[in-house]
Amino acid sequence: MPALLAAGILACTLDHGALAQAAPSGPPPAAAAAVPGIPYVTTFAVDGGDADVEKIASETSSLKSLEKEVPPGPPGLVGRGKADIERIAAALTATGRYAALVEVTIAGVSVASESAADAAQRARRPAQVVVRVHPGPVFTLGNVRIQSLDAGSSQVASIDPAKVGLVPGQPAPSSVVFAAESRIVDKLRNEGYPFAAVKGRDVVADHSRNQLDVTIRVEAGVRAPFGDVTVTGTREVDPKVVLGRVPFKPGDRYSPKKVAELRDEVNKLDVFGSIRIREATAPDAYGRVPITIEVEEKKFRYVGASALYDSIDGASLGAYWGHRNLFGGAEKLRIDAGVSRLISNSPQDYEYSLKAHFEKPGVWTGFDDLLVDVEALRERPDAYDRDGIRAAAAIRRRLTSELSIQGGVEAEGSTIRDTFGEKDFLLVGLPVSATFDNTDSKLDPSRGVRATLSAAPYYNFQGESKSLNIFKGQVSSYLSFDEAHRFILAGKIGFGSMVGPKTLADVPANRRFFAGGGGSIRGFAYQSASPFCTPINPRPKRALACKDDTPIGGRSLIETSLEARVKITDTIGIVPFVDAGAAFDKSIPDFKEDIRVGAGIGLRYYTAIGPIRADIATPVMGRSKNDPRVAFYISIGQAF
């Protein structure tokens with residue numbers, strides 16, 4: 001086949017969507033009433049009976065897809081047949097069958113014949129339309145060459161065709177050629193050539209060898225560093241805030257990864273509904289690549305509500321109001337109010353919370369954010385009663401796109417009543433933390449790792465034990481087994497320890513470690529996978545009633561989870577899971593104590609905002625009389 005014809009076939013692959021539009025469509029009802037239509041039935045005949053080829057032909061055929069839309073007359077039916085010849089041939093070319101032949105007949109007469117319309121008119125109704133496909137062999141790659149158009153440059157010539165997917169002897173569908181061109185350009189751009197482009201290709205299908213010879217002409221252009229960055233489209237947001245998130249400086253080596261990182265950083269400001277990063281198509285007067293950030297601001301004010309239910313803890317309701325650009329510098333303010341433990345508990349055990357969160361980006365450098373939190377709470381879990389307030393301020397610094405650190409000051413005042421009696425606590429601490437996250441999604445990750453480590457030394461101004469030091473960490477990992485992310489293995493391990501207090505009674509109950517429940521070990525009652533109190537007589541004055549099944553918390557914690565996330569359809573998935581762990585009385589986990597294990601299966605409904613989760617779980621090991629046989633959990637987002 002000459003080069004021109006082979007290139008034309010490849011072009012058909014690209015343009016078959018346009019051919020689909022050119023295919024005659026069924027007439028409107030009025031026209032159908034005025035002109036007798038020609039009903040027909042389409043059948044496919046494939047040499048060798050190749051089922052895959054027949055499927056391609058059937059799914060590509062406009063004759064088949066429009067079979068119920070009767071053409072108004074013989075020319076319409078003939079036109080559909082002629083269009084199908086090009087459509088199906090182009091689809092087979094995309095699979096590497098460059099010698100494929102397609103023939104369409106109506107009542108035994110080829111649509112290429114001048115008498116095809118007469119045959120369609122005379123044919124018995126419904127007319128018999130046959131699509132015959134001679135697929136021919138699957139061509140393999142023959143001679144492959146990547147040609148440089150840059151005078152005196154060896155950058156393109158050094159590219160190994162096999163490294164970009166062009167391996168002689170391998171099948172040669174057109175998609176392989178196009179994918180190789182994309183990889184060539186990506187490779188050059190990653191090496192600092194922002195203007196690299198494929199300028200053309202020569203493709204020759206040699207029928208004597210059943211091979212495709214390919215020459216790709218590439219122009220690397222000049223190696224250019226980043227230039228100046230400008231911002232357009234802002235109205236109420238200060239452009240300086242956007243420029244502060246740029247992860248490179250003029251003169252730094254060009255990198256597509258840095259461009260993608262820039263988009264992510266601007267998106268984190270959460271004030272723009274549309275973000276477009278435009279790179280100049282030619283170097284500026286200094287030989288650099290100017291970058292323009294085009295944005296459209298979103299609505300700054302928002303309100304919302306949430307609901308959560310599980311069969312053990314009951315229902316929770318919440319409402320929030322927020323502002324994304326409070327003072328013009330992308331400052332965020334969000335106020336949350338909530339009530340929980342509804343339905344499953346009496347009103348005196350309902351819990352209430354009121355929280356405010358403020359965030360100001362770029363307080364020092366563009367990657368230093370100020371975080372302020374204030375909250376008032378009323379907690380009534382089985383282990384304790386607590387009324388308290390808390391305030392915290394911290395600076396979060398982004399070190400890389402995946403790693404950040406945070407440090408600040410925190411104060412908390414609480415009145416807590418538990419099995420040890422009623423005590424007042426006033427804690428002041430200096431918590432620090434580090435977070436690593438290279439996952440591909442916040443709500444539904446399919447690959448990557450998340451890790452958080454924190455250390456929080458506190459001084460207790462009210463209490464016998466003044467020092468309280470809390471250490472916590474959690475690592476979760478996600479592994480996808482296919483490109484469509486339909487099979488994902490997810491695992492998590494969390495740990496905690498506190499040192500300083502001599503006894504558990506010196507630790508505020510809300511700071512102790514508890515395990516069990518929907519966000520911990522599913523299948524167990526809330527906080528039940530924890531040390532329990534032993535009844536003491538007489539009890540401390542004003543203490544909660546101490547029962548054998550009342551959890552009191554611990555000074556260390558271990559939690560693990562393993563999930564297999566399997567998508568059945570694009571919107572429905574199932575998730576078998578196993579959770580294990582416990583809280584322990586000592587500062588270091590004592591594995592001689594009972595480890596609780598829960599297992600179950602979940603249903604996921606995937607939406608644009610994230611998956612809706614419904615889990616059912618049961619205790620497998622370590623069940624107590626306070627734990628149910630079966631527990632249900634419903635929420636938005638994955639378990640971890």
Side-chain angles (χ1 to χ4, degrees), residues 312-314 340-341 344-353 377-390 412-427 458 460-470 496-517 519-521 524-559 581-590 592-596 622-628:
I312 299 176
D313 303 329
S340 57
R341 296 177 64 83
S344 299
N345 301 278
S346 59
Q348 61 264 31
D349 291 327
Y350 289 173
E351 297 182 339
Y352 304 94
S353 65
L377 307 121
R378 178 182 189 265
E379 293 181 298
R380 294 297 184 268
D382 294 338
Y384 60 87
D385 292 349
R386 174 191 172 225
D387 298 287
I389 58 173
R390 171 183 168 273
E412 177 186 308
S414 299
T415 297
I416 297 176
R417 187 163 63 100
D418 62 4
T419 188
F420 300 110
E422 182 174 298
K423 293 184 178 182
D424 293 326
F425 295 90
L426 178 58
L427 300 178
Y458 293 96
N460 184 12
F461 285 90
Q462 294 180 328
E464 297 179 5
S465 181
K466 300 299 183 182
S467 176
L468 174 62
N469 305 285
I470 302 175
S497 176
M498 61 178 65
V499 297
K502 297 180 180 179
T503 66
L504 193 63
D506 293 326
V507 181
N510 65 300
R511 295 286 181 171
R512 298 172 197 157
F513 293 113
F514 293 88
S520 176
I521 306 172
F524 288 83
Y526 178 57
Q527 298 183 339
S528 69
S530 311
F532 289 81
C533 84
T534 300
I536 301 174
N537 194 17
R539 299 188 187 96
K541 184 179 180 182
R542 302 184 68 186
L544 289 175
C546 182
K547 302 177 182 179
D548 288 329
D549 58 356
T550 301
I552 57 173
R555 288 183 285 177
S556 60
L557 172 76
I558 287 288
E559 291 178 332
F584 306 90
D585 178 65
K586 299 179 181 179
S587 295
I588 298 177
D590 184 356
K592 294 180 181 179
E593 300 181 28
D594 288 339
I595 296 293
R596 276 74 163 188
R623 179 176 178 266
S624 69
K625 63 181 181 180
N626 196 42
D627 293 311

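Along the sequence shown, residues carry numbers from 1.
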| query | Does a salt bridge link R380 with D387, judged by any charged N lying under 4.0 Å from a carboxylate O? | reply | yes
| request: Look up atom CZ in F584 and atom CD1 in I595, then write down how far apart they are to the nearest 0.5 Å. | output: 3.5 Å
| query | Would K423 and I416 count as a side-chain contact (heavy atoms from CB on, under 4.5 Å) if you check the C-alpha gap in whole Å, the side-chain angles of each, and the deciding distance to 0.1 Å? | reply | CA-CA 5 Å; K423 293 184 178 182; I416 297 176; 5.7 Å; no
| note | Closest heavy-atom pair, P551 versus F532, reported as atoms and distance to 0.1 Å, is N-CD2, 3.8 Å
| query | What are the two closest non-hydrogen atoms of D418 and A383, and how far apart are they? | reply | CB-O, 3.6 Å
| note | Tightest non-hydrogen contact, residues I552 and T419, listed as CG2-CG2, 3.7 Å
| message | To check you understand the geometry: which heavy-atom pair defines the closest contact between A515 and L557, and what is its length? | response | CB-CD1, 3.8 Å
| message | Working note: Y384 + Q527, criterion side-chain contact (heavy atoms from CB on, under 4.5 Å); need CA distance, chi angles, decisive distance, verdict. | response | CA-CA 11 Å; Y384 60 87; Q527 298 183 339; 4.2 Å; yes
| query | About how many Å separate OH of Y352 and CZ of R341, when rounded to the nearest 0.5 Å? | reply | 12.0 Å
| query | Below 4.5 Å, heavy atoms only, C-beta onward: do P531 and L504 meet side chain to side chain? | reply | no
| OG1/T503 to CZ/F420 distance, rounded to the nearest 0.5 angstrom? | 7.0 Å
| field | Donor-acceptor contact below 3.5 Å, side chain S497 vs main chain S556 | value | no
| message | Just verifying a value: how many Å separate R512 CZ and I470 CD1, rounded to the nearest 0.5 Å? | response | 11.5 Å
| query | Do side-chain atoms of R555 reach the backbone of V507 as a donor and acceptor pair under 3.5 angstrom? | reply | no
| field | Shortest non-hydrogen separation from A529 to R596 and the atoms involved | value | CA-NE, 3.7 Å
| Minimal non-hydrogen separation, Q348 against R378, with atom names | O-NH2, 3.1 Å
| What distance separates S340 OG from D349 CG, expressed to the nearest 0.5 Å? | 11.0 Å
| request: Would you indicate whether K586, at its atom NZ, is surrounded by more than 12 heavy atoms from other residues, nucleotides or ligands within a distance under 6.0 Å? | output: no
| message | Can you confirm whether the side chains of E412 and S414 place a donor and an acceptor under 3.5 Å from each other? | response | yes
| Gap separating the OG1 atom of T415 from the CG atom of D385, nearest 0.5 angstrom | 11.0 Å
| said: Using a 6.0 Å distance limit plus a 45 degree cone around the ring axis, check whether R511 lies over the aromatic ring of Y458. | reply: yes
